[in-house]
Colleague: 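Supplied in structure tokens, the structure appears directly below.
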There are 2 protein chains.
Amino acid sequence: MKNNTKIDNQEVRNKKSFVFDEESCPVTATMQVLGGKWKVILINAIYHTSPARFGELKRSVVGITQSMLTQQLRELEDDGLISRKIYAEIPPRVEYTLTEFGLTLAPIMQSMAKWGEEYRIKKQKVSIY
Amino acid sequence: MKNNTKIDNQEVRNKKSFVFDEESCPVTATMQVLGGKWKVILINAIYHTSPARFGELKRSVVGITQSMLTQQLRELEDDGLISRKIYAEIPPRVEYTLTEFGLTLAPIMQSMAKWGEEYRIKKQKVSIY
DNA sequence: AAAGTAAGTATGAAAAACAATACTAAAATT
DNA sequence: AATTTTAGTATTGTTTTTCATACTTACTTT
């Protein structure tokens, strides 16, 4: 116990004690919104093709299913990141754009895009062709 | 069909046709590595507490289970983002640090941290207390 | 009259992610 | 001798995601 206290003090002295949860870690908080397989990809896609139609996203976002697309778009809308504009036409037309708030994610997407490019280069170097 | 072609041409004229997959979209490529509930949070935690011991991460990363922690750390190691240093001691000691490559993720974490802080402010404004 | 169109909804199933619990080793401490 | 410590593994179960398929509407084109 004495020893334990000694170690604790050492730890306190040498190292801040961090807590990573939604409350105290802003990165964790961001992940609550952007988590999931498709969120970031979709935001990025809308960012680049805005205004993006539903069918357009379905074709361009490789691998996503229609129901996933619908669901994720709804969640992004609920979080205030994208807006959905319905045209009263037949056949229907719906256009998605980033809201002003959604546009504040641009730096995240840009840093990810940059990293992804470098990652691709790194992978090429490792591959054995 | 004639009409269809007309619309297609219009689209080609007015809008680039994007494809969002791992090959052609660097953001999507990044998400292959950082996807999942814990990856970004863990990288961020190690970034801030490096060198981070296993038990330390288990305590500080709120909500993660031991098996999840082990699994995610292994995957991050396999992707070359973190390194694992084992000390031949009893009881065991293992320290995790970001590799040089892992450190290249810093801009992503920083942009996420910044956004998370602003998101918190926005949520406060909306709440009804 | 049948087929095509866009943007969905609904349903059920499969797959992946995640969680809980118990267990281990080898030395130090009580 | 029992307990504590750290960093796990193994097993089983639950929950969440994701997928596949069929269906809808109301108008246009064939």
Side-chain angles (χ1 to χ4, degrees), chain A residues 1-8 10-11 28 31-32 34-42 45-46 49 51-78 82-97, chain B residues 1-8 10-11 15 28 31-42 45-46 49 51-78 82-97:
Chain A
M1 233 226 249
K2 200 176 162 191
N3 212 334
N4 224 326
T5 306
K6 210 178 276 176
I7 288 166
D8 281 353
Q10 239 177 0
E11 280 186 349
T28 304
M31 287 308 289
Q32 308 302 315
L34 299 186
K37 191 174 171 181
W38 297 111
K39 291 278 171 70
V40 172
I41 294 171
L42 270 179
I46 296 173
T49 55
R53 293 188 63 176
F54 183 89
E56 191 181 3
L57 289 170
K58 197 173 70 175
R59 282 188 299 275
S60 63
V61 177
V62 176
I64 200 166
T65 60
Q66 192 156 358
S67 40
M68 261 297 107
L69 181 55
T70 303
Q71 182 196 308
Q72 299 291 308
L73 287 172
R74 290 292 181 284
E75 289 180 16
L76 291 174
E77 202 192 347
D78 291 344
I82 65 173
S83 79
R84 183 164 174 269
K85 188 171 179 185
I86 307 157
Y87 292 83
E89 297 176 2
I90 297 290
R93 179 155 65 110
V94 177
E95 285 182 354
Y96 294 92
T97 47
Chain B
M1 232 221 250
K2 199 177 162 190
N3 211 337
N4 225 326
T5 308
K6 209 178 275 176
I7 288 166
D8 282 353
Q10 239 176 1
E11 280 187 348
K15 203 157 196 173
T28 304
M31 287 308 290
Q32 308 302 314
V33 182
L34 299 187
K37 191 175 172 182
W38 297 112
K39 291 279 169 69
V40 172
I41 294 171
L42 270 179
I46 296 172
T49 56
R53 294 187 61 174
F54 184 87
E56 191 180 6
L57 289 170
K58 198 173 69 173
R59 280 188 300 274
S60 64
V61 177
V62 176
I64 199 166
T65 60
Q66 192 156 359
S67 41
M68 260 298 108
L69 181 55
T70 303
Q71 183 196 309
Q72 300 291 307
L73 287 171
R74 290 289 180 286
E75 288 179 17
L76 291 173
E77 202 191 347
D78 291 344
I82 65 174
S83 81
R84 183 163 174 269
K85 188 171 179 187
I86 306 157
Y87 293 83
E89 297 175 4
I90 296 288
R93 179 154 64 112
V94 178
E95 285 182 354
Y96 294 92
T97 46

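Residue numbering restarts at 1 for every chain, and letters A, B, ... go by the order of the sequence lines.
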Colleague: Whole angstroms only, please: what is the CG-P distance between Leu69(A) and dT21(D)?
Modeller: 18 Å

Colleague: Can you find a pair of side-chain heavy atoms, one from Lys85(A) and one from Val94(A), that are under 4.5 Å apart?
Modeller: no

Colleague: Taking all heavy atoms of Thr49(B) and all of Glu56(B), pick out the closest pair and write down the distance.
Modeller: CB-OE2, 4.1 Å

Colleague: Does anything in residues 84-96 of chain A reach DNA chain C, meaning a heavy atom under 4.0 Å, and if so which residues?
Modeller: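 Within residues 84-96 of chain A, the residues near DNA chain C are Arg84(A), Pro91(A), Pro92(A), Arg93(A), Val94(A), Tyr96(A).
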
Colleague: Is there a side-chain contact between Arg53(A) and the phosphate of dA7(C), meaning an N or O under 4.0 Å from OP1 or OP2?
Modeller: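 Yes, Arg53(A) has a side-chain N/O under 4.0 Å of OP1/OP2 on dA7(C).
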
Colleague: For residues Gln71(B) and Arg74(B), determine if any side-chain heavy atom of one lies less than 4.5 Å from a side-chain heavy atom of the other.
Modeller: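 They are not in contact (no side-chain heavy atoms under 4.5 Å apart), so the answer is no.
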
Colleague: Looking only at heavy atoms, which two atoms of Leu73(B) and Ile82(B) are closest? And how far apart?
Modeller: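 Looks like O-CD1, 3.4 Å.
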
Colleague: Whole Å only: how far is the CZ atom of Phe54(A) from the C1' atom of dT9(C)?
Modeller: 10 Å

Colleague: Generate the contact string for nucleotides 14-21 of chain C. Rules: B means base contact, S means sugar-phosphate contact only, - means no protein heavy atom under 4.0 Å.
Modeller: ----BSB-

Colleague: Let me confirm one number: the CG-CD1 distance from Leu57(A) to Ile41(A), rounded to the nearest 0.5 Å.
Modeller: 12.0 Å

Colleague: A side-chain contact here means heavy atoms from C-beta on lying under 4.5 Å apart; do Lys37(B) and Met31(A) qualify?
Modeller: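 No, side chains not in contact.
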
Colleague: Looking at every heavy atom in both Ile64(B) and Trp38(B), which two are closest together, and how far apart are they?
Modeller: N-CH2, 3.6 Å

Colleague: Closer than 4.0 angstrom, basic N to acidic O: yes or no for Arg93(A) and Glu95(A)?
Modeller: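 Yes, this pair counts.
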
